[in-house]
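A note on names: the letters A, B, ... follow the listed sequences, proteins ahead of strands, and every chain is numbered from 1.
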Protein chains: 2
Amino acid sequence: MINHLLIANIDEKGLLSKSEQEEFCSYFQPKSISKKEFLLEQGKVCKFEGFVLEGCFRIFTIDTKGNENTIYIAARNWWLMDIDSFMNHEPSALNIKALEDSKVLIISEKDKAALYKSIPKTEKLFRIMFQKSIVAWQRRLVRNHSLTAKERYSHFTKSYPDIASKLTDRQTSSYLGITHEFLSKIKKQS
Amino acid sequence: MINHLLIANIDEKGLLSKSEQEEFCSYFQPKSISKKEFLLEQGKVCKFEGFVLEGCFRIFTIDTKGNENTIYIAARNWWLMDIDSFMNHEPSALNIKALEDSKVLIISEKDKAALYKSIPKTEKLFRIMFQKSIVAWQRRLVRNHSLTAKERYSHFTKSYPDIASKLTDRQTSSYLGITHEFLSKIKKQS
DNA sequence: GAATCAAGTTGAACTTGTTCAACTCTTTTC
DNA sequence: GAAAAGAGTTGAACAAGTTCAACTTGATTC
(Lines give C-alpha, C1' and ligand atoms only; values in the text may rest on other atoms or scores of the structure.)
Protein backbone atom coordinates (compact mmCIF):
# COMPACT_ATOMS: atom_id res chain seq x y z
CA MET A 1 0.00 0.00 0.00
CA ILE A 2 1.28 3.41 -0.92
CA ASN A 3 2.26 5.76 1.85
CA HIS A 4 1.71 9.14 0.26
CA LEU A 5 3.86 11.10 2.69
CA LEU A 6 6.85 8.86 1.98
CA ILE A 7 6.32 8.93 -1.78
CA ALA A 8 5.85 12.68 -1.89
CA ASN A 9 9.06 13.10 0.07
CA ILE A 10 11.30 11.04 -2.14
CA ASP A 11 9.56 11.14 -5.51
CA GLU A 12 8.92 14.85 -6.00
CA LYS A 13 8.92 14.79 -9.76
CA GLY A 14 6.79 11.65 -10.04
CA LEU A 15 9.53 9.54 -11.57
CA LEU A 16 8.12 6.32 -10.16
CA SER A 17 5.08 4.61 -11.63
CA LYS A 18 2.16 3.70 -9.41
CA SER A 19 3.35 0.11 -9.14
CA GLU A 20 6.90 1.21 -8.40
CA GLN A 21 5.63 3.49 -5.67
CA GLU A 22 3.79 0.55 -4.22
CA GLU A 23 6.86 -1.64 -4.36
CA PHE A 24 8.99 1.15 -2.91
CA CYS A 25 6.72 1.41 0.11
CA SER A 26 6.59 -2.35 0.60
CA TYR A 27 10.25 -2.39 1.68
CA PHE A 28 9.49 -0.21 4.70
CA GLN A 29 8.21 -1.47 8.04
CA PRO A 30 6.15 0.68 10.37
CA LYS A 31 7.44 1.08 13.89
CA SER A 32 5.98 2.85 16.90
CA ILE A 33 8.21 4.48 19.45
CA SER A 34 7.14 5.93 22.76
CA LYS A 35 8.25 9.27 24.08
CA LYS A 36 11.81 9.17 25.49
CA GLU A 37 12.57 5.81 23.91
CA PHE A 38 15.72 5.40 21.83
CA LEU A 39 15.48 4.42 18.19
CA LEU A 40 19.28 4.19 18.24
CA GLU A 41 21.82 4.34 21.04
CA GLN A 42 25.44 5.44 20.83
CA GLY A 43 27.71 2.40 20.52
CA LYS A 44 25.17 0.22 18.72
CA VAL A 45 25.22 -0.36 14.99
CA CYS A 46 22.50 1.51 13.08
CA LYS A 47 20.63 -1.15 11.18
CA PHE A 48 18.01 1.04 9.55
CA GLU A 49 17.17 4.13 7.62
CA GLY A 50 14.05 5.74 9.00
CA PHE A 51 11.37 8.12 7.84
CA VAL A 52 9.18 9.96 10.33
CA LEU A 53 5.41 9.62 9.84
CA GLU A 54 4.36 11.13 13.15
CA GLY A 55 6.07 12.65 16.12
CA CYS A 56 9.57 13.94 16.48
CA PHE A 57 13.12 12.78 17.19
CA ARG A 58 16.32 14.34 18.38
CA ILE A 59 19.63 13.14 16.97
CA PHE A 60 22.55 13.93 19.26
CA THR A 61 25.98 12.91 20.50
CA ILE A 62 27.37 12.98 24.00
CA ASP A 63 30.95 14.20 24.14
CA THR A 64 33.72 13.25 26.54
CA LYS A 65 32.75 16.02 28.96
CA GLY A 66 29.21 14.62 29.10
CA ASN A 67 27.70 17.45 27.06
CA GLU A 68 24.91 16.70 24.66
CA ASN A 69 25.25 17.97 21.16
CA THR A 70 22.09 18.04 19.08
CA ILE A 71 22.95 17.46 15.44
CA TYR A 72 19.44 17.76 14.09
CA ILE A 73 15.78 17.29 14.81
CA ALA A 74 13.70 14.97 12.66
CA ALA A 75 9.98 15.75 12.68
CA ARG A 76 7.24 14.42 10.39
CA ASN A 77 8.45 14.03 6.81
CA TRP A 78 12.16 13.89 7.75
CA TRP A 79 14.68 11.09 7.37
CA LEU A 80 16.80 9.89 10.23
CA MET A 81 19.71 7.49 10.57
CA ASP A 82 23.38 7.34 11.35
CA ILE A 83 24.65 7.27 7.78
CA ASP A 84 28.18 6.31 8.79
CA SER A 85 27.11 3.44 11.04
CA PHE A 86 24.51 2.21 8.53
CA MET A 87 26.96 2.25 5.61
CA ASN A 88 29.97 0.80 7.38
CA HIS A 89 28.38 -1.36 10.08
CA GLU A 90 30.33 0.52 12.70
CA PRO A 91 29.15 1.41 16.20
CA SER A 92 27.17 4.59 16.07
CA ALA A 93 28.34 7.85 17.60
CA LEU A 94 24.77 9.11 17.57
CA ASN A 95 21.70 8.75 19.75
CA ILE A 96 18.23 8.98 18.25
CA LYS A 97 15.56 9.58 20.88
CA ALA A 98 11.84 10.21 20.53
CA LEU A 99 10.70 13.60 21.82
CA GLU A 100 7.11 12.37 21.78
CA ASP A 101 5.17 9.23 20.88
CA SER A 102 6.11 8.69 17.26
CA LYS A 103 5.70 6.51 14.21
CA VAL A 104 8.43 5.80 11.69
CA LEU A 105 8.91 3.69 8.62
CA ILE A 106 12.20 1.85 8.68
CA ILE A 107 14.12 -0.07 6.06
CA SER A 108 16.93 -2.50 6.80
CA GLU A 109 20.24 -2.42 5.00
CA LYS A 110 19.40 -5.63 3.18
CA ASP A 111 16.06 -4.25 2.00
CA LYS A 112 17.64 -0.95 1.02
CA ALA A 113 20.08 -2.83 -1.18
CA ALA A 114 17.21 -4.86 -2.63
CA LEU A 115 15.25 -1.66 -3.29
CA TYR A 116 18.14 -0.03 -5.14
CA LYS A 117 18.57 -3.18 -7.19
CA SER A 118 14.92 -3.67 -8.00
CA ILE A 119 14.12 -0.03 -8.77
CA PRO A 120 17.39 1.53 -9.95
CA LYS A 121 15.73 4.94 -10.29
CA THR A 122 15.73 5.14 -6.51
CA GLU A 123 19.49 5.62 -6.62
CA LYS A 124 18.85 8.93 -8.32
CA LEU A 125 16.13 9.87 -5.85
CA PHE A 126 18.34 9.29 -2.85
CA ARG A 127 21.34 10.85 -4.60
CA ILE A 128 19.33 14.04 -5.01
CA MET A 129 18.07 13.85 -1.45
CA PHE A 130 21.63 13.62 -0.12
CA GLN A 131 22.74 16.52 -2.32
CA LYS A 132 20.04 18.71 -0.82
CA SER A 133 21.10 17.65 2.61
CA ILE A 134 24.69 18.78 1.95
CA VAL A 135 23.45 22.22 0.92
CA ALA A 136 21.60 22.48 4.24
CA TRP A 137 24.68 21.41 6.22
CA GLN A 138 26.86 23.97 4.47
CA ARG A 139 24.36 26.72 5.20
CA ARG A 140 24.18 25.75 8.84
CA LEU A 141 27.97 25.95 9.07
CA VAL A 142 27.96 29.44 7.60
CA ARG A 143 25.26 30.52 10.06
CA ASN A 144 27.22 29.09 12.96
CA HIS A 145 30.28 31.04 11.87
CA SER A 146 28.70 34.33 10.90
CA LEU A 147 25.77 34.79 13.30
CA THR A 148 25.68 35.42 17.03
CA ALA A 149 23.83 33.03 19.33
CA LYS A 150 20.89 35.42 19.47
CA GLU A 151 20.69 35.64 15.69
CA ARG A 152 20.92 31.86 15.40
CA TYR A 153 18.12 31.43 17.90
CA SER A 154 15.98 33.89 16.03
CA HIS A 155 16.69 32.18 12.70
CA PHE A 156 15.87 28.79 14.17
CA THR A 157 12.52 29.76 15.69
CA LYS A 158 11.47 31.61 12.54
CA SER A 159 12.59 28.90 10.10
CA TYR A 160 11.30 25.92 12.06
CA PRO A 161 8.52 27.15 14.34
CA ASP A 162 6.85 23.73 14.50
CA ILE A 163 10.07 22.01 15.54
CA ALA A 164 11.15 24.80 17.89
CA SER A 165 7.86 24.54 19.75
CA LYS A 166 8.46 20.87 20.50
CA LEU A 167 11.85 21.37 22.11
CA THR A 168 12.74 22.23 25.65
CA ASP A 169 15.12 25.17 26.01
CA ARG A 170 17.88 22.77 26.98
CA GLN A 171 17.42 20.89 23.70
CA THR A 172 17.25 24.08 21.69
CA SER A 173 20.46 25.35 23.28
CA SER A 174 22.30 22.14 22.45
CA TYR A 175 21.11 22.49 18.84
CA LEU A 176 22.38 26.05 18.70
CA GLY A 177 25.67 25.18 20.38
CA ILE A 178 25.26 27.30 23.50
CA THR A 179 24.51 26.66 27.18
CA HIS A 180 20.92 26.59 28.38
CA GLU A 181 21.69 29.38 30.86
CA PHE A 182 22.79 31.64 28.05
CA LEU A 183 19.71 30.83 25.97
CA SER A 184 17.61 31.84 28.94
CA LYS A 185 19.39 35.20 29.01
CA ILE A 186 18.95 35.66 25.26
CA LYS A 187 15.22 35.06 25.57
CA LYS A 188 14.95 37.61 28.35
CA GLN A 189 16.61 40.28 26.22
CA SER A 190 14.21 40.08 23.32
CA MET B 1 41.74 8.05 -21.77
CA ILE B 2 41.41 6.95 -18.18
CA ASN B 3 42.37 9.41 -15.48
CA HIS B 4 43.36 7.11 -12.66
CA LEU B 5 43.04 9.69 -9.89
CA LEU B 6 39.45 10.43 -10.89
CA ILE B 7 38.51 6.78 -11.24
CA ALA B 8 40.14 5.79 -7.95
CA ASN B 9 38.21 8.59 -6.25
CA ILE B 10 34.76 7.66 -7.44
CA ASP B 11 35.04 3.98 -8.21
CA GLU B 12 36.61 2.59 -5.04
CA LYS B 13 35.20 -0.88 -5.31
CA GLY B 14 35.91 -1.22 -9.03
CA LEU B 15 32.26 -1.36 -10.05
CA LEU B 16 32.97 0.12 -13.47
CA SER B 17 34.49 -1.92 -16.28
CA LYS B 18 37.56 -0.65 -18.07
CA SER B 19 35.45 0.68 -20.92
CA GLU B 20 33.00 2.31 -18.55
CA GLN B 21 35.88 3.98 -16.75
CA GLU B 22 37.06 5.29 -20.08
CA GLU B 23 33.62 6.59 -20.97
CA PHE B 24 33.23 8.09 -17.51
CA CYS B 25 36.42 10.09 -17.94
CA SER B 26 35.48 11.21 -21.43
CA TYR B 27 32.71 13.43 -20.05
CA PHE B 28 35.21 15.55 -18.13
CA GLN B 29 37.16 18.47 -19.58
CA PRO B 30 40.54 19.55 -18.22
CA LYS B 31 40.87 23.16 -17.18
CA SER B 32 43.84 25.11 -15.88
CA ILE B 33 43.39 27.88 -13.39
CA SER B 34 46.04 30.33 -12.25
CA LYS B 35 46.65 31.28 -8.66
CA LYS B 36 44.09 33.79 -7.36
CA GLU B 37 41.74 33.20 -10.29
CA PHE B 38 38.09 32.37 -9.61
CA LEU B 39 36.60 29.11 -10.83
CA LEU B 40 33.24 30.45 -9.62
CA GLU B 41 32.13 33.84 -8.36
CA GLN B 42 29.28 34.62 -6.01
CA GLY B 43 26.18 35.63 -8.00
CA LYS B 44 27.01 33.58 -11.07
CA VAL B 45 25.38 30.24 -11.80
CA CYS B 46 27.62 27.23 -11.21
CA LYS B 47 27.66 25.36 -14.47
CA PHE B 48 30.05 22.58 -13.51
CA GLU B 49 31.06 19.93 -11.07
CA GLY B 50 34.82 19.89 -10.68
CA PHE B 51 37.49 17.47 -9.53
CA VAL B 52 40.93 18.72 -8.52
CA LEU B 53 43.89 17.09 -10.25
CA GLU B 54 46.54 19.52 -9.06
CA GLY B 55 46.66 22.54 -6.83
CA CYS B 56 44.19 23.78 -4.31
CA PHE B 57 40.99 25.83 -4.03
CA ARG B 58 39.18 27.67 -1.31
CA ILE B 59 35.36 27.67 -1.30
CA PHE B 60 33.95 30.60 0.66
CA THR B 61 31.11 33.05 1.07
CA ILE B 62 31.23 36.74 1.87
CA ASP B 63 28.57 37.79 4.35
CA THR B 64 26.74 41.10 4.65
CA LYS B 65 29.41 42.48 7.00
CA GLY B 66 32.06 41.73 4.39
CA ASN B 67 33.54 38.83 6.32
CA GLU B 68 34.82 35.83 4.44
CA ASN B 69 33.63 32.46 5.55
CA THR B 70 35.63 29.50 4.30
CA ILE B 71 33.33 26.52 3.87
CA TYR B 72 35.97 24.07 2.76
CA ILE B 73 39.27 23.64 1.00
CA ALA B 74 39.51 21.41 -2.06
CA ALA B 75 42.99 20.04 -2.71
CA ARG B 76 44.10 17.28 -5.10
CA ASN B 77 41.56 14.43 -5.21
CA TRP B 78 38.66 16.55 -3.91
CA TRP B 79 35.41 17.56 -5.58
CA LEU B 80 34.25 21.13 -5.74
CA MET B 81 31.08 22.86 -6.86
CA ASP B 82 28.12 24.79 -5.57
CA ILE B 83 25.65 21.92 -5.38
CA ASP B 84 22.66 24.19 -4.89
CA SER B 85 23.48 26.47 -7.80
CA PHE B 86 24.41 23.54 -10.07
CA MET B 87 21.19 21.62 -9.29
CA ASN B 88 18.76 24.52 -9.40
CA HIS B 89 20.44 26.92 -11.82
CA GLU B 90 20.37 29.62 -9.22
CA PRO B 91 22.97 32.31 -8.63
CA SER B 92 25.69 30.93 -6.43
CA ALA B 93 26.31 32.11 -2.89
CA LEU B 94 29.82 30.69 -3.07
CA ASN B 95 33.19 31.77 -4.40
CA ILE B 96 35.72 29.20 -5.57
CA LYS B 97 39.21 30.65 -5.86
CA ALA B 98 42.52 28.98 -6.67
CA LEU B 99 45.11 29.16 -3.89
CA GLU B 100 47.81 28.17 -6.36
CA ASP B 101 48.13 27.30 -10.05
CA SER B 102 45.77 24.37 -10.42
CA LYS B 103 44.27 21.82 -12.77
CA VAL B 104 40.73 20.53 -12.56
CA LEU B 105 38.47 18.23 -14.52
CA ILE B 106 35.04 19.72 -15.00
CA ILE B 107 31.76 18.30 -16.20
CA SER B 108 28.80 20.35 -17.35
CA GLU B 109 25.28 19.77 -16.14
CA LYS B 110 24.28 18.42 -19.54
CA ASP B 111 27.18 15.98 -19.57
CA LYS B 112 26.51 14.96 -15.98
CA ALA B 113 22.96 14.07 -16.96
CA ALA B 114 24.24 12.17 -19.99
CA LEU B 115 26.74 10.32 -17.80
CA TYR B 116 24.07 9.24 -15.32
CA LYS B 117 21.90 8.09 -18.19
CA SER B 118 24.60 6.23 -20.06
CA ILE B 119 26.19 4.58 -17.01
CA PRO B 120 23.42 4.24 -14.42
CA LYS B 121 25.85 2.74 -11.91
CA THR B 122 27.34 6.20 -11.51
CA GLU B 123 24.18 7.24 -9.67
CA LYS B 124 25.20 4.82 -6.95
CA LEU B 125 28.79 6.04 -6.94
CA PHE B 126 27.81 9.65 -6.48
CA ARG B 127 25.06 8.72 -4.02
CA ILE B 128 27.70 7.06 -1.84
CA MET B 129 30.06 9.99 -2.29
CA PHE B 130 27.39 12.42 -1.09
CA GLN B 131 26.56 10.20 1.88
CA LYS B 132 30.18 10.27 2.98
CA SER B 133 30.19 14.00 2.59
CA ILE B 134 27.21 14.35 4.94
CA VAL B 135 29.02 12.34 7.59
CA ALA B 136 31.94 14.75 7.35
CA TRP B 137 29.66 17.79 7.64
CA GLN B 138 27.95 16.40 10.70
CA ARG B 139 31.29 15.73 12.37
CA ARG B 140 32.49 19.22 11.61
CA LEU B 141 29.36 20.65 13.23
CA VAL B 142 29.96 18.60 16.36
CA ARG B 143 33.57 19.79 16.50
CA ASN B 144 32.48 23.39 16.09
CA HIS B 145 30.06 23.02 18.97
CA SER B 146 32.14 20.97 21.37
CA LEU B 147 35.73 22.14 20.84
CA THR B 148 37.41 25.45 21.61
CA ALA B 149 39.08 27.44 18.86
CA LYS B 150 42.45 26.15 19.98
CA GLU B 151 41.30 22.54 19.87
CA ARG B 152 39.76 23.06 16.44
CA TYR B 153 42.99 24.56 15.15
CA SER B 154 44.96 21.66 16.52
CA HIS B 155 42.54 19.14 15.01
CA PHE B 156 42.70 20.88 11.64
CA THR B 157 46.48 21.02 11.39
CA LYS B 158 46.83 17.40 12.52
CA SER B 159 44.07 16.02 10.29
CA TYR B 160 44.93 17.98 7.15
CA PRO B 161 48.60 18.96 7.40
CA ASP B 162 49.00 19.20 3.62
CA ILE B 163 46.03 21.55 3.29
CA ALA B 164 46.88 23.55 6.41
CA SER B 165 50.35 24.25 5.06
CA LYS B 166 48.91 25.84 1.93
CA LEU B 167 46.74 28.34 3.76
CA THR B 168 47.59 31.75 5.10
CA ASP B 169 46.59 32.31 8.72
CA ARG B 170 43.77 34.55 7.58
CA GLN B 171 42.35 31.73 5.46
CA THR B 172 42.78 29.19 8.24
CA SER B 173 40.99 31.46 10.70
CA SER B 174 38.04 31.91 8.36
CA TYR B 175 37.84 28.11 8.02
CA LEU B 176 37.84 27.71 11.80
CA GLY B 177 35.32 30.50 12.30
CA ILE B 178 37.53 32.84 14.32
CA THR B 179 39.33 36.14 13.66
CA HIS B 180 42.87 36.12 12.35
CA GLU B 181 44.02 38.11 15.38
CA PHE B 182 42.77 35.42 17.70
CA LEU B 183 44.41 32.68 15.67
CA SER B 184 47.67 34.56 16.02
CA LYS B 185 47.24 34.54 19.80
CA ILE B 186 46.38 30.83 19.82
CA LYS B 187 49.54 30.03 17.89
CA LYS B 188 51.65 32.03 20.32
CA GLN B 189 50.25 30.07 23.29
CA SER B 190 51.20 26.63 22.04
C1' DG C 1 65.36 48.67 -5.27
C1' DA C 2 62.03 51.85 -3.47
C1' DA C 3 57.26 51.90 -2.78
C1' DT C 4 53.20 49.71 -1.85
C1' DC C 5 50.18 46.33 -0.28
C1' DA C 6 48.88 42.30 2.18
C1' DA C 7 49.87 39.21 6.09
C1' DG C 8 50.99 38.50 10.71
C1' DT C 9 51.64 40.30 15.75
C1' DT C 10 50.60 42.54 19.87
C1' DG C 11 48.02 45.05 23.50
C1' DA C 12 44.07 47.16 25.65
C1' DA C 13 39.32 47.54 26.02
C1' DC C 14 35.35 45.31 25.09
C1' DT C 15 31.52 41.77 24.08
C1' DT C 16 29.94 37.30 23.98
C1' DG C 17 29.23 33.33 26.07
C1' DT C 18 30.45 29.96 30.22
C1' DT C 19 30.48 28.25 34.82
C1' DC C 20 28.70 27.48 39.15
C1' DA C 21 25.51 27.98 42.63
C1' DA C 22 21.09 29.16 44.36
C1' DC C 23 16.52 29.49 43.54
C1' DT C 24 11.69 28.72 41.47
C1' DC C 25 8.50 26.33 38.88
C1' DT C 26 6.79 22.14 36.44
C1' DT C 27 6.41 17.46 35.62
C1' DT C 28 6.87 12.83 36.77
C1' DT C 29 6.79 9.10 39.80
C1' DC C 30 5.44 6.20 43.49
C1' DG D 1 -0.90 13.97 46.64
C1' DA D 2 3.82 14.18 48.55
C1' DA D 3 8.37 13.69 47.05
C1' DA D 4 11.74 13.84 43.79
C1' DA D 5 13.62 14.93 39.58
C1' DG D 6 14.07 17.84 35.75
C1' DA D 7 13.52 22.43 33.38
C1' DG D 8 13.96 27.29 33.46
C1' DT D 9 15.90 31.76 35.71
C1' DT D 10 19.05 34.77 37.73
C1' DG D 11 23.45 36.77 39.34
C1' DA D 12 28.32 37.12 39.93
C1' DA D 13 32.77 35.86 38.53
C1' DC D 14 35.18 34.21 34.86
C1' DA D 15 37.03 32.67 30.22
C1' DA D 16 36.87 32.86 25.30
C1' DG D 17 36.89 35.42 21.50
C1' DT D 18 36.39 40.28 19.08
C1' DT D 19 37.53 44.85 17.84
C1' DC D 20 40.43 48.44 16.76
C1' DA D 21 44.63 50.55 16.31
C1' DA D 22 49.52 50.47 15.91
C1' DC D 23 53.29 48.13 14.58
C1' DT D 24 56.44 44.66 12.05
C1' DT D 25 57.49 41.71 8.49
C1' DG D 26 57.12 39.75 3.99
C1' DA D 27 55.59 39.90 -0.89
C1' DT D 28 54.59 42.38 -5.15
C1' DT D 29 54.93 45.69 -8.36
C1' DC D 30 56.66 49.20 -11.25
request  = Measure distances between side-chain N and O atoms of B:Lys185 and base N and O atoms of D:dT19, and say whether any donor-acceptor pair falls under 3.5 Å.
outcome  = yes

ask   = Whole Å only: how far is the CD1 atom of B:Ile178 from the C1' atom of D:dT19?
value = 15 Å

request  = Considering just the side-chain nitrogens and oxygens of B:Lys36, establish if one lies under 4.0 Å of OP1 or OP2 belonging to D:dA27.
outcome  = no

ask   = D:dA7, D:dG17, C:dC20: which one has an atom nearest the side-chain heavy atoms of A:Glu181?
value = C:dC20

request  = Check the distance between C:dT27's P and A:Glu100's CD and give it to me in whole angstrom.
outcome  = 15 Å

Given C:dT18, D:dG8, D:dG17, the nucleotide with the shortest approach to the side chain of A:Arg170 = D:dG8

Between C1' of C:dA22 and NE2 of A:His180, the distance in whole Å = 13 Å

ask   = Is the shortest side-chain N/O distance from A:Thr179 to OP1 or OP2 of C:dT18 below 4.0 Å?
value = yes

task = Measure from CG on A:Leu183 to P on C:dT16 and round the result to the nearest Å.
result = 16 Å

query = The side chain of B:Thr168 lies closest to which of these nucleotides: C:dT10, C:dG8, C:dG17?
reply = C:dG8

request  = List for me each residue that meets side-chain hydrogen bond (donor to acceptor under 3.5 Å, both in side chains) alongside B:Arg76, sequence neighbours excluded, and say none if there are none.
outcome  = none

ask   = Should the heavy atoms of other residues, nucleotides or ligands under 6.0 Å from NZ of B:Lys121 be counted, would the total exceed 12?
value = yes

inquiry  = Does C:dG11 have its OP1 or OP2 closer than 4.0 Å to a side-chain nitrogen or oxygen of B:Lys188?
reply    = yes

ask   = Taking the side chain as C-beta and beyond, is there a heavy-atom pair between B:Thr61 and B:Asn95 under 4.5 Å?
value = no

ask   = Quick one: B:Leu147 CG to D:dA15 C1', roughly how many Å, whole number?
value = 17 Å

request  = Could you pick out which residue, A:Gln171 or B:Gly177, lies toward the 5' side of DNA chain D when each is mapped onto its nearest nucleotide?
outcome  = A:Gln171

message = Need to verify one output field. Residue with the more 5' nearest nucleotide on DNA chain C, A:Lys150 or B:Leu167?
response = B:Leu167

inquiry  = Per the salt bridge (Lys or Arg N to Asp or Glu O under 4.0 Å) rule, what does the pair list look like for residues 48-60 of chain B, sequence neighbours excluded?
reply    = B:Glu49-B:Lys112, B:Arg58-B:Glu68

request  = Send over the distance from B:Tyr153 OH to D:dG17 P, rounded to a whole Å.
outcome  = 15 Å

ask   = What class does the angle between the rings of B:Trp78 and B:Tyr72 fall in, given that below 30° is parallel, 30 to 60° is tilted and above 60° is perpendicular?
value = parallel

query = Of all the choices, C:dT28, D:dT9, C:dT10, which nucleotide is nearest to the side chain of A:Asp169 once you look at every atom?
reply = D:dT9

ask   = Would you say A:Lys35 reaches C:dT28's phosphate, i.e. side-chain N/O to OP1/OP2 under 4.0 Å?
value = yes

